[in-house]
Amino acid sequence: MRNGFVKVAVSAPRHRVADCVYNVEKMIEKTARLYSGEHIKLLVFPELCLTGYTCQDLFLQDSLLAGAQSALKRYAEKTCELNLVSVVGLPLMHRGRLYNSAVIVNRGKILGIVPKVHLPNYGEFYDARQFAPGYARMGTHTFPWGETAEMGTNLLFQAEGMPDFCFAVEICEDLWMPAPLSGQHAMAGATVIVNPSASDELTGKAVYRRELVKNQSARTLSAYLYADAGEGESTQDMVFAGHNLIVENGNILKESAPFAENKDLVTEIDLGRLASERRRMTSFPLMAEPENEADYKIRLFDIGGCEKTELTRKIEKTPFVPSDKKHREERCDEILNIQAAGLAKRLDHTGCKNVVIGLSGGLDSTLALLVAVRAFDRLSLDKKGIIGVTMPCFGTTSRTYDNAVLLAAELGIAFRKIPIKESVTMHFKDIGHDISVHDITYENGQARERTQILMDIANQCGGMVIGTGDMSELALGWATYNGDHMSMYGVNVSVPKTLVRYLVAYFADTCDSDALKNVLRDVLDTPVSPELLPPENGEIAQKTEDIVGPYELHDFFMYYVLRLGFGPEKIFRLAKYAFGDEYSEQTIYHWLNTFFHRFFRQQFKRSCLPDGPKVGTVSVSPRGDLRMPSDACDTLWKEELSRIKACGL
């Protein structure tokens, strides 16, 4: 379970109603195959899998009950050498009453028994005809072969030496109640909920079931493993389709379509991610009273050492950008509306009817302009109140200048061209800087001159300067302090660079003007650059990603650092898995090292950011998501990076 990943599976082997001998052999075969082939650590079978769910009054027969217990014993014996834990269902007599039970089996031993609490007795269901409802503390159950185990709903099962790997059980209908047991289990410490189920298939039910599991997983900040009975059940009055699900914090990792031929689901759940979510969400409730928490009993299980889990789950290269086109377009429209609403509120509050934007012809200033246009439309303000200012200097190319001019014309805003070569040259002369030395002074002098001009124009028109810098630049500190770093409202402040590109592309795809589409497309095709160094043969010479690294990598790093608090080792592993076909391990490591180096040393810029709207789950605002000392040490992170290198890339 290195880096918090653990391999899990749900399975619905084909079975026969009331044939415990056949059923257990199929389960043993499936367990051995999944363990040897997939190296799973947790396996969940459907409700009453040893007998079948649809035995009806046969559950009252001694032969079936004895056969189920014999099958359970055989399953435990045949899996005793395997480093995994299984959840197996059977009917179980306890103190004179029959219970629909899930038994937890680990290395040949019975760890505990969890009964079904809510017994459906409506429509096509008659569970209460044969079974009694379970409850929290039911005492110790003794099996015919002498083994004993605790029985009740107050049981948690935790891997030895792995406190984040803690699961609890609720059975089928227990999930469909107003207050599912899994809510209490999660508050008691369960990070994984398993549900052995037998849910018959009706039209529309799969959609409801899927949303139910997703919702409960999200509410409990847990991984939810739903194992549904399949086509081996009786079709006398119902049909079962084996709709299995593995969901992590509301996100479906794996799902078998109803009636699919293969109903085995295998994937990794990220327990570190779940622990991070709970650590971050301080409102996540724990058991309020110590005596309630004491009601839960923890049973330890052995799944071997902390071995490395091979990753097979999908790791998105762009965690800030939905991969699904429809979802992405909805997200883009939503974000543009959030940005525009934030700016509109600020304009309305201050009474400003003018804004000033430095138009470079690049991505960020283009997005800021598009947001300003939306805000002005919301307020029914004249777009001539948007003043786009282009300030060509030593590094400006005709391509970016022309795009700035075209954008202003197509969007109907006011436009000013103010060349700054002379003023910057004079400034260098004043401070005694050799203009042929293209160092940080040469670059930042231009950035601060531009900011001064924008601020002064805002004073002239009684308006405000709109910041254009994005969150990726701020995470890296790629901004001139008190230059482009400063504004009166930063509309892009929580938009990562990878998302900026999609927002501009979405605007291009949905606008009516072909001319505007064309200029936006050219902006998207232009290399990202501050254009502070002289061009080479008329082309942009200074490309940001050549200096600080690919933004797709940095946005990936930023997501896992700020959203989930992962350390360098885990992020490096995830990045290798996600980007292995594009970047070498050495390249990924180099830019990861760069990210942490710049992230810690540039916090002073983020500590005094202007206001700006949060649009997603991550922000670097000192008043919002990121409260971090400007002089925090990065020693621990550097040591972890060094260990990665020492182990060999």
Side-chain angles (χ1 to χ4, degrees), residues 10 12-20 23 44-61 64-65 68 87-94 97-103 113-136 138 151-153 169-183 193-216 224-245 256 258-259 263:
V10 298
R14 188 164 187 84
H15 62 283
R16 297 174 181 170
V17 178
D19 191 343
C20 300
N23 295 341
V44 186
F45 290 109
E47 182 179 4
L48 295 170
C49 54
L50 286 173
T51 59
Y53 175 74
T54 50
C55 291
Q56 301 184 56
D57 282 356
L58 292 179
F59 285 126
L60 305 177
Q61 296 290 315
L64 184 67
L65 299 181
V87 180
V88 177
L90 78 163
L92 199 62
M93 283 293 295
H94 178 70
R97 305 191 77 185
L98 184 62
Y99 296 93
N100 180 338
S101 306
V103 175
I113 307 160
V114 179
K116 188 174 184 177
V117 175
H118 301 286
L119 303 174
N121 217 51
Y122 55 85
E124 65 268 39
F125 298 107
Y126 294 93
D127 286 37
R129 178 180 172 89
Q130 295 96 19
F131 297 108
Y135 48 95
M138 299 176 65
M151 186 171 183
T153 60
V169 182
E170 64 182 359
I171 301 175
C172 198
E173 187 81 359
D174 295 340
L175 168 64
W176 301 63
M177 294 296 99
L181 295 172
S182 48
I193 305 297
V194 304
N195 188 325
S197 178
S199 178
D200 65 324
E201 208 58 42
L202 304 171
T203 180
K205 192 173 183 180
V207 175
Y208 185 84
R209 186 189 298 118
R210 180 187 303 114
E211 293 305 312
L212 191 65
V213 173
K214 285 173 59 179
N215 249 308
Q216 192 62 5
Y224 202 107
L225 280 59
Y226 187 90
D228 191 22
E231 297 168 53
E233 293 290 347
S234 169
T235 58
Q236 179 178 358
D237 294 300
M238 296 180 284
V239 173
F240 295 82
H243 184 198
N244 294 327
L245 292 149
S256 64
F259 302 106
K263 297 176 178 59

Under 3.5 Å, is there a donor-acceptor pair between the side chain of [X] and the main chain of [Y]?
{"X": "Asp174", "Y": "His118", "answer": "yes"}
{"X": "Asn244", "Y": "Val10", "answer": "no"}
{"X": "Ser256", "Y": "Gly242", "answer": "yes"}

What residue among Leu60, Leu64, Leu48 forms side chain to side chain contact (heavy atoms under 4.5 Å, CB included) with Cys55?
-> Leu64
Point-to-point distance, once rounded to the nearest 0.5 Å, from [atom1] of [X] to [atom2] of [Y]:
{"X": "Leu92", "Y": "Leu98", "atom1": "CG", "atom2": "CG", "result": "8.0 Å"}
{"X": "Phe240", "Y": "Thr54", "atom1": "CZ", "atom2": "OG1", "result": "6.0 Å"}
{"X": "Glu47", "Y": "Asn100", "atom1": "CD", "atom2": "CG", "result": "4.5 Å"}
{"X": "Glu124", "Y": "Leu202", "atom1": "CD", "atom2": "CG", "result": "5.5 Å"}

[X] to [Y] - nearest heavy-atom pair and separation:
{"X": "Asn23", "Y": "His15", "answer": "OD1-CB, 3.0 Å"}
{"X": "Cys49", "Y": "Val88", "answer": "SG-CG1, 3.9 Å"}
{"X": "Pro196", "Y": "Ile171", "answer": "O-CG2, 3.3 Å"}
{"X": "Ser199", "Y": "Trp176", "answer": "OG-CZ2, 4.0 Å"}
{"X": "Thr51", "Y": "Pro91", "answer": "CG2-CD, 3.6 Å"}
{"X": "Gln216", "Y": "Ser182", "answer": "NE2-OG, 2.8 Å"}

Test salt bridge (charged side-chain N to carboxylate O under 4.0 Å, His left out) applied to Arg129 and Asp57, step by step = CA-CA 8 Å; Arg129 178 180 172 89; Asp57 282 356; 2.8 Å; yes
For Phe59, the option from Tyr53, Phe131, Tyr126, Tyr99 that meets ring pair (Phe, Tyr, Trp, His ring centres under 6.0 Å) = Phe131
Would you say the side chain of [Y] lies within less than 4.5 Å of the side chain of [X], judging by non-hydrogen atoms?
{"X": "Arg209", "Y": "Asp228", "result": "yes"}
{"X": "Glu233", "Y": "Met238", "result": "no"}
{"X": "Val117", "Y": "Met177", "result": "no"}
{"X": "Ile113", "Y": "His94", "result": "no"}

Would Lys205 and Asp200 count as a salt bridge (charged side-chain N to carboxylate O under 4.0 Å, His left out) if you check the C-alpha gap in whole Å, the side-chain angles of each, and the deciding distance to 0.1 Å?
-> CA-CA 9 Å; Lys205 192 173 183 180; Asp200 65 324; 2.7 Å; yes
State whether the number of non-hydrogen atoms from other residues, nucleotides or ligands found under 6.0 Å of Tyr135 atom OH is greater than 12.
-> yes
Check step by step if side chain to side chain contact (heavy atoms under 4.5 Å, CB included) holds for Phe45 and Leu50.
-> CA-CA 9 Å; Phe45 290 109; Leu50 286 173; over 6 Å; no
Give the intermediate values and the outcome of side chain to side chain contact (heavy atoms under 4.5 Å, CB included) for residues Leu65 and Met93.
-> CA-CA 8 Å; Leu65 299 181; Met93 283 293 295; 3.7 Å; yes
Side chain to side chain contact (heavy atoms under 4.5 Å, CB included) between Glu173 and Asp127, worked out = CA-CA 10 Å; Glu173 187 81 359; Asp127 286 37; over 6 Å; no
